[in-house]
Amino acid sequence: MIDPRRLRQDLLNIAARVGTRGAVFDVSRFEALEDRRKAAQLETENLQQERRRASKRIGAARAAGEDIAPMVAAVGDLGERLNAAKAEFDEVRRELDEFMRGIPNVPDESVPPGADDAENVELRRWREPPRFNFEPRDHVDIAAGALDLEAAAKLAGARFSVMRGSLARLHRALTAFMIDIHTLEHGYEEIYVPYVVDRDILVGTGQLPKFEDDLFAISGDRDQFLIPTAEVPVTNLIRERILDADTLPLKFVAHTPCFRSEAGNYGKDTRGIFRQHQFEKVELVQVVHPAESWRALDELTSHAEAVLKALDLPYRVVVLCAGDLGFAAAKTVDLEVWLPAENRYREISSCSNFLDFQARRMLARFRDPETARPEYVHTLNGSGLAVGRTLIAVLENYQDGDGSVHVPDALRSYMGGTSRLEFDAAGAE
RNA sequence: GGAGGGGUGGCUGAGCGGUCGAAAGCGCUGGUCUUGAAAACCAGUGAAGGGCGACCUUCCCAGGGUUCGAAUCCCUGCCCCUCCGCCA
């Protein structure tokens, strides 16, 4: 949520900047709602004050033993007028709140203009793409014996996977490897969280109210959803709390499955496991002092990069243009890993600074020792990394041309010392 | 699932339907004292919204209701605790 005060003071400028993302900010509607709000608030507060004073007088009179009946009669229809005013105020507030919650974050000044991912800007590259003396195969072919997409389809439809044997183990090894890097080398606390959350929680991080179609809803009487990313439960740990300044920064790493309906992506990435309804991700979340969030974004990005470096996977770093930004992000940096079979870089991590946008929706604050007042924290998150996509990258970059894949050095100890994997038709080692 | 007990400020915890945004303690901030610190003592200290401001309004888990007036009474929901049952 954008700071309403800032919005009132700098309406046209902010509306224009939100517009650079391709979003529409209806200035006149906002102004109309604000006018109605002011009038309704004034009316309501005046009537409330009147009632309060009258009730106090009656209380005092009764205590003094006076006859209060005439005073009670004099209050008349105040209650009804107050209820009417309140109803209008509540309604305007609801509309204004809905309006505000539907406005995406303001892009940072440093975000390049652009409509979609074609206009993202490359910042740097690491390592050259590997050269093969054979035609590199894609992960579906390499892992054919151990990746059973037909079995998955029978269980749950398209965009799910069944992995067997050493492929499943490699997947698990990657997860453990990533968590260990972040806890042992980068100072994150590992945390385990629910994979099902209430509606409010998703409003807090910005997935709702606008993107309900992207989520899997749980049927039942409790209005819950499967999490689309660990960002949701982990960031919301601080909702409606006032943290001590000296507890910042909070740094969490969580491994969870992520569930996305991928509505609107029906024709995209249909081969293999690149885009799934269910996938594993190791997520980094930081909660920081507002003065620290830009430095923290660089740091968090470098933590995600460290995983790619440890696996010796070539990648590049791009900054998303305004039109490609996620709803809640003020700025996002993507890591794209090299996929030989596609002969291009593909997204494997997305690191964002949300400033106070999520904190405001969650009411997540810290007490500033300088002012002694609660202030909104800044939140950030990034994939460190998307496990399924890392699996693809390892298979494709480490393939040997004879149907086998050698295991990255860093992963050997997580694979029981195995240095070479073959995925035959039985899916065995 | 059954029976009981609870949800009050940053924390703990009082609170006969009226002067209660709410005692007290802890914590925090400032001061006195001290070479310095601790202790002691004194003072201050909830949050949100609105207004240029003096100031105003709201908030005692959430939502309804009763009442001139609700932290307090009633209803519903959510959550927590204790005991019993069941259970990976």
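Labels below follow one simple rule: chain letters A, B, ... track the order of the sequence lines, proteins then strands, and each chain is numbered from 1.
Applying the Watson-Crick and G-U wobble criteria (two distances, each under 3.5 Å), B/rA3 pairs with B/rU82. B/rA37: no Watson-Crick or G-U partner with both key distances under 3.5 Å is found in any strand. For B/rG27, the paired nucleotide is B/rU45, the pair qualifying as Watson-Crick or G-U wobble because both relevant distances are below 3.5 Å. Remark: B/rC68 base-pairs with B/rG18. Criterion, Watson-Crick or G-U wobble with two distances under 3.5 Å.
Nearest to the side-chain atoms of A/R51 among the listed nucleotides B/rG69, B/rU19, B/rA47 stands B/rG69. Relative to the side chain of A/S55, the nucleotides B/rG18, B/rG49, B/rU57 differ in distance, and B/rG18 lies closest.
Applying the side chain to side chain donor-acceptor pair (under 3.5 Å) criterion to A/R373, with sequence neighbours excluded, gives no partner residue. A/Q41 is linked by a side chain to side chain donor-acceptor pair (under 3.5 Å) to A/R37, A/E45, counting only residues two or more places apart in sequence or in another chain.
When each of A/E292, A/E190, A/E299, A/E189 is paired with A/K251, the salt bridge (Lys or Arg N to Asp or Glu O under 4.0 Å) condition holds for A/E299 and for no other. Applying side chain to side chain contact (heavy atoms under 4.5 Å, CB included) to A/Y376 and the options A/R360, A/Q358, A/M1 leaves one that passes, A/R360.
At least one cation-pi condition fails for A/R389 and A/F279: the charged atom is not both under 6.0 angstrom from the six-membered ring centre and inside a 45 degree cone around its axis.
Under 3.5 Å, the side chain of A/Q41 and the base of B/rG51 form no donor-acceptor pair of N or O atoms.
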Validation: residues 140-163 of chain A side-chain donor-acceptor distances under 3.5 Å, sequence neighbours left out:
from	atom 1	to	atom 2	distance (Å)
A/D141	OD1	A/R271	NH2	3.2
A/D148	OD1	A/E150	N	3.3
A/D148	OD1	A/A151	N	2.9
A/R159	NH1	A/K268	O	3.3
A/R159	NH1	A/D269	O	3.3
A/R159	NH1	A/R275	O	3.2
A/R159	NH2	A/N265	O	2.6
A/R159	NH2	A/K268	O	3.0
A/S161	OG	A/Q276	OE1	3.2

Validation: residues 10-22 of chain A side-chain donor-acceptor distances under 3.5 Å, sequence neighbours left out:
from	atom 1	to	atom 2	distance (Å)
A/D10	OD2	A/N13	ND2	3.0
A/R17	NH2	A/P107	O	2.9
A/T20	OG1	A/R17	O	2.6
A/R21	NH1	A/N105	O	2.9
A/R21	NH1	A/A329	O	3.4
A/R21	NH2	A/L325	O	3.2
A/R21	NH2	A/G326	O	2.6

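At a threshold of 4.0 angstrom between heavy atoms, the contacts of A/P374 are confined to the sugar-phosphate backbone, with no base atom among them. Contact annotation for A/R8: backbone-only contact, meaning every heavy-atom pair under 4.0 Å involves sugar-phosphate atoms and none involves a base. Using a 4.0 Å heavy-atom cutoff across all strands shown, A/R241 reaches no nucleic acid atom at all.
Between A/R53 and B/rC68, a side-chain N or O to OP1/OP2 separation shorter than 4.0 Å is absent. Contact annotation: A/R365 reaches the phosphate of B/rA48 (side-chain N/O to OP1 or OP2, under 4.0 Å). Contact check, A/R37 against B/rG49: no side-chain N or O comes under 4.0 Å of OP1 or OP2.
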Short heteroatom pairs, N/O only, protein and nucleotides 77-81 of chain B, under 3.5 Å:
from	atom 1	to	atom 2	distance (Å)
B/rC78	O3'	A/R222	NH1	3.1
B/rC79	OP1	A/R222	NH1	2.7

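Applying a 4.0 Å cut-off to non-hydrogen atoms, the residues of residues 58-73 of chain A that approach RNA chain B are A/I58, A/G59, A/A60, A/R62, A/V72, listed by residue number.
Residues A/S293 and A/L380 share a closest heavy-atom pair of O-CD2, 3.4 Å.
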Set out, in order, the CA-CA distance, both residues' side-chain angles and the distance that settles salt bridge (charged side-chain N to carboxylate O under 4.0 Å, His left out) for A/E34 and A/R29, then state yes or no.
CA-CA 9 Å; A/E34 264 292 285; A/R29 173 155 162 72; over 6 Å; no

